[in-house]
Each structure stands twice: as structure tokens, then as C-alpha cells.
Number of protein chains: 2
Amino acid sequence: MRDETSAGRVTLAQVASQAGVSLSTVSKVLNGRPDVSAPTRVKVEELLDNHGYRRSTPTAPEAPLIEVVFHELDSTWSMALIRGVQNVAKETGVSVVLTETGTRHSPGADWVEGVLRRRPLGVVLVFSTLPDDLKKKLWSRAIPFVIIDPAGDPEPDVPSVGSANWAGGLAATRHLIELGHRRIAVITGPEDMLCSLARLDGFRSAMGMAGLTPDPALTRFGDFHVRSGHAHALDLLGAPAGTRPTAIFAGSDLQALGVLEAARVLGLRIPEDLSVVGYDDIPPAQWSSPALTTVHQPLVEMAEEAARMLLRLRRSDRTDRPGSPPQPSGADQADTRIEFGTRLVVRDSTAPPPGA
Amino acid sequence: MRDETSAGRVTLAQVASQAGVSLSTVSKVLNGRPDVSAPTRVKVEELLDNHGYRRSTPTAPEAPLIEVVFHELDSTWSMALIRGVQNVAKETGVSVVLTETGTRHSPGADWVEGVLRRRPLGVVLVFSTLPDDLKKKLWSRAIPFVIIDPAGDPEPDVPSVGSANWAGGLAATRHLIELGHRRIAVITGPEDMLCSLARLDGFRSAMGMAGLTPDPALTRFGDFHVRSGHAHALDLLGAPAGTRPTAIFAGSDLQALGVLEAARVLGLRIPEDLSVVGYDDIPPAQWSSPALTTVHQPLVEMAEEAARMLLRLRRSDRTDRPGSPPQPSGADQADTRIEFGTRLVVRDSTAPPPGA
């Protein structure tokens, strides 16, 4: 619908005339003033969007705030990610605003109204998406946003930060193979998440490179929570010694904790009877008994980088085009994807297999 | 320094004259406008404070924000407290701003400038204090604040939310006594924190009521972290069976996790050889192997209540004194202390003592 050829040439008077409102009303919409009716605001916003109109010089001063949007604040990851954004915020004298979208995976229109009112330096989205109309609204106000997406499924037009899931799966599995394990089970995340598949592929590649064929009966899909690790492990370890796995690579530390508890209930010692590798390296991985060997995802650093990307986007926005004409929305935000390396942290839950 | 008798009668013209500035400059300071030099702002603020001047009707509209100030964001409690504030914020369409004070236990002057600029509905302080001058600044702008203080050492002039530490210590110890334990060790928090002492006193009262005399050698002060639980437990459990404790009441879940690891290293089974009770009921308490019996602190509910107290203070401020004259600062915020009950959650880390 966007009229590319008119981008950069539309005047506010034209928008006012097309919307059937006064120039001052268009100006109020542009400045995020509250005294405009909702239908009028929508109509004017649509016209501005269709013309690719970009507010090059926001009239209200921006606030020293970074917005962080979570799908679910309860995740064991949340604290590390908040920590990372907070580190950068503190360095730069900025405060952090939290929003949780809850059951929805994307924030709603009421959220974006709040953001436009607050005029933050930028928005970090954790594991969430933005509907196209909200993206346009942020772009049109030159409010940058970045997605932290450890699941590895970034949207092409949004800068994002992720981590190397395939390499993590490879490293975990190689460690177990080097210890002498051959019957290795894997409990990964949901089948429809790219990070689950990438870790599983890393596992399969490590097995293949060692000349081992993974037993399909020892591959399980879970949901990254304690309970799924526990249930799959009870099932996997119920087999008689000799046929049961001597090691389990879990898709998350929480699943690995569930595996530890299943082993305890079955009277198996970790790591003497069973080796366990987790994934994430959240704090409870260090506190578990025994402490978990796991794949470290640099969540704090990922969030720090996301916050710094915002500040860079903000700056380049300022530097490259001072007083520049309106641009088609989104054109300058594309193509940035940073992927952080993962590394194996060897603690006390892995050892050579029994009888090795 | 405050001239109580003049409170309510000072005029802005008097302040302007005493500060040697124009009335419009005083008005700019009152409205938090940035175009006033720092020395002038300080001088005017001081005069306003000394006169107990209270801005009864803020001119800038308040923003739908609740500020949360942490001393240390890394604490295992932080997530539950953020969660609680967020629950109330979501109900009421409000966003949450996070600040971490880091090494300092109280936020600095730069923080308060940001708060005055943002005009939040109120401030929740977690385990932090406010210097008197910052308290006055918030009072003078009618920005309420509440302290979440599970340590049980509230300041008398600030509304606060805490929990029943003594009763928690009592309940944990009674549970162990009822199971048949007699030689019970206690690892509590730092000796200079009221919550450590209250839990220890609860422990002692339960022992005394059962006709048991606690062995001073089995009472240890730690720092609430995993390592201190681990070190004290290695020492306590190093004694030969018969003289070593059959149960340990730890001052935090983290300390209890350290106790579990010490027991594993020493080859003691939980709960067959040793019973362990934690404190807090943070999520890792459920994920440990075995799952921890612990004293539940309702951290989410405590933070919810703190946020609701803010909104109530805000409302009563509005309702009681519409257009009322300036009040001496702080007079309306005193004396509110809410203490939440704690309860024992029995899981798998406690059982009758060996041979019972």
C-alpha cells in the first residue's frame, strides 16, 4: 500500500487535507499529544505511514529510558537478561522500563501508546515479535528496537542478538564422547523451535563425526522445563543397565535438574552411574548437587549487546542524516544479526561411563 | 533546620526573594524544568524544603510508572519481587522502571533527579534506604514510597512490607522436632541482620518449648549464600555419627543447597541420613534433588502489596486534601508496616532421624 514514490515529498498539509483535519491536528498526532480522538489519530497515522513519512526531528525530548519487553517474566533467563540491559543502562545513566506481554507473544496497541508517550531511547524485545503496524509506529518516530532471540528464529527486518545453538549441541556431545560414552540420550526442547533443532543437529553431527549412530529411541522432545526432563529421564533410565543410556544431554538446565531427580529416585549416582549435561548455565546449574556440566549461553552479554545496538542505532540515526528528508520506514534497521558463541562449562555431573 | 512554624505559610515570592532569583525561576524548579542551573536549583530546593513547602498539585501530569529500586539486582529474590510489582502494574496499566544502586545501599542524587523528571506514581525500594534529603524531595512532590524489607529492620517514618521471620524459624524447627530430631544445627544469616536473629530466636524458642537445649557448637552465622551453607555443613557433618547433627535448619534456600552438596560429598543421603530445611522457597528449592522442605516467604505477594500501598497512598493523598495547603513533609506517610505470614512447605529433604 505504501506509495514509495511519494516518500520524502509528502507535506503535512497534504496529510491534513487528505485526512480532512487541520494542520494543527496532524501536528498533535506527530507529537504524541493526547488531545486527539482515537479514530482521527488512526486515520492520520495511516496516511503518514502510507506516505512513509518519518519524523526526523522529534519535538519532545527523548527520555533516558530503555524499554524491555518480555513475553514471560518468570523465565529463568529473565534475570540475566535484565541484568545485561541494566549494566549498559547504568553505564550510560539510563533507566530501564519493563513490560510483560503475558499470554500474547507480542505487545499490544496500548503498550505502543505508552512507548510513544515515554519516548525511550529504544526497545529491547525478549523472545517477542512486533506486529507490522507497531513496527511502523516505532520506525516512524525513529525509536529503534532490537530482538533478543536465543531461539534462533529472527525476523529478517529487525536487528537481533542470538547464540550459537548448533555449536553448543556439538560441544556438549563431543565432551560426552570424549569421556567414553556411546549410548547417549538427548532430551531437547519443542520440535517447533529452531534452537531445539539446532542443538539436536549439533548432537547428531558430533555423533556422526565419531562414527556413532544415534538411537532414535534415545531422542526425546520436551519443553525445556524441569518436569519434562524428569519424565523423559524416568522413562529412558527405566531400561535395564546395558541397554539404558550412560549419559543424557538435556536441552536446558531445568531439564537437567529433572534428570538428576529422576536418577536419585532410581538410585543412580551422578556422575558414577549417569553423566548429565545441561544447557544455558543459569545460576541453579552451579547450585545443584552435583554442580551441572552445561553449555554456557552468555545471556548477560547478549542483553548488553542488544542495549548497545540500540544506542548505536540511535546515534547513527542522528549522525548520518541530520535534518535529512523523511525516509521509507525500516530501510535503515535491517540485516543486523549478532550471534554469540556458546562454551562448555565442565563441572561435576559428567565422568567416564560405568566400567570404562 | 526546618522552620515548622512557617510551614504552610511560605509563599513562592518569599522563596524567590530569599534565593535572590525571579519567581519564574522558582516555578521552573518546582516544575522540574531542565533550564535552571544546578546551584540555583539546589538553593531553591533547600529553601522550599526548609519551609516544608509541599507541591500540592503537580503541574506536569504524573506518568503511569512505578519505580523499583534494588540494591542488588542479582539476588535470587529479585525476580519474585519484580514479578509482584509487575502483577499490580499490569492490572492497572502501569509500567515498571528498574534502578539498581549497586554498591551503595541508597540511590543517589542523580537517581532522584530522574524520578522527579519522570513523575512516577510512586517508588518501591527493595532492601534500600533513602537519605533524608531524598525523602524530603519525594515527599515535597507528593511521590509516595514504600520499602520492601524482608530483613525486618524498617525505618519508622516509611511505610514498609516485611514477613514474619521469628514465626518462620519456629515452624521450621518444630517440624524437625516433630519428626524426632534432637541434635539440630542451625546456620543463619549475618549476625547484624534482624531477620537472622529473629529466625534464630524462633529456632531457640521451638527448642526450649520442647525441653531441648540448643548446643552452641551447632549454631552458625553465615551470609545467606550457597558457599557459607556448604562450608558450615562440611564442618558440622565432619563430626562422627552420634555427635553430628541429624538435621540442619538453614537460613536460606541457597545455604540449604550448599548443605545438600556437602552431604553428597560426605556420602550422606538426604533425607535418610540428614534432614535439611531451607528458608525463602525460591524456585530452585523445588528443583533441587531432593526438593527442599523450606519456609515460604510470600515474596510475590509482598511486592504486590508494596505496589498497592503506593497506589493507595497516592489516592488518599488526592482524596483527603484536594487543593489543601502545603503540609510539613512526611507527616502523612508514617506508621504503615505490613508483615506477611510465612509457612512451612514440606517436600523431600526432611524425614525422621536415622534409627528413629
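A note on names: the letters A, B, ... follow the listed sequences, proteins ahead of strands, and every chain is numbered from 1. Scope of the values below: all heavy atoms of this structure, side chains included, with no hydrogens, waters or symmetry mates. All values derive from a computational prediction rather than experimental measurement.
- When each of B:Q86, B:R264, B:E261, B:R269 is checked for heavy-atom pairs under 4.5 Å with chain A, B:R264 comes out on top.
- Taken from CD in B:E100 to CG in A:N87, the straight-line distance is 7.0 Å, to the nearest 0.5 Å.
- If you measure heavy-atom distances from A:I270 to chain B, the contacts under 4.5 Å come from the backbone alone.
- Expressed to the nearest 0.5 Å, how far OG of B:S95 lies from CH2 of A:W111 amounts to 9.5 Å.
- The parts of B:P290 that come within reach of chain A are both its backbone and its side chain, each placing non-hydrogen atoms under 4.5 angstrom from that chain.
- Closest approach of B:M79 and A:I82 over heavy atoms only: CE-CD1, 4.2 Å.
- Rounding to the nearest 0.5 Å gives a distance of 7.5 Å between CG of A:L65 and CG of B:L65.
- Side-chain contact check for B:R83 versus A:S78: every heavy-atom pair is 4.5 Å or farther apart.
- When heavy atoms are compared at a cutoff of 4.5 Å, A:V96 approaches chain B by way of both its backbone and its side chain.
- Ranked by non-hydrogen atom pairs under 4.5 Å with chain B, the options A:L254, A:V265, A:I282 are led by A:L254.
- Only the backbone of A:S288 comes within contact range of chain B, judged by heavy atoms closer than 4.5 Å.
- Residue B:L260 holds its CG atom at 13.5 Å from CH2 of A:W287, rounded to the nearest 0.5 Å.
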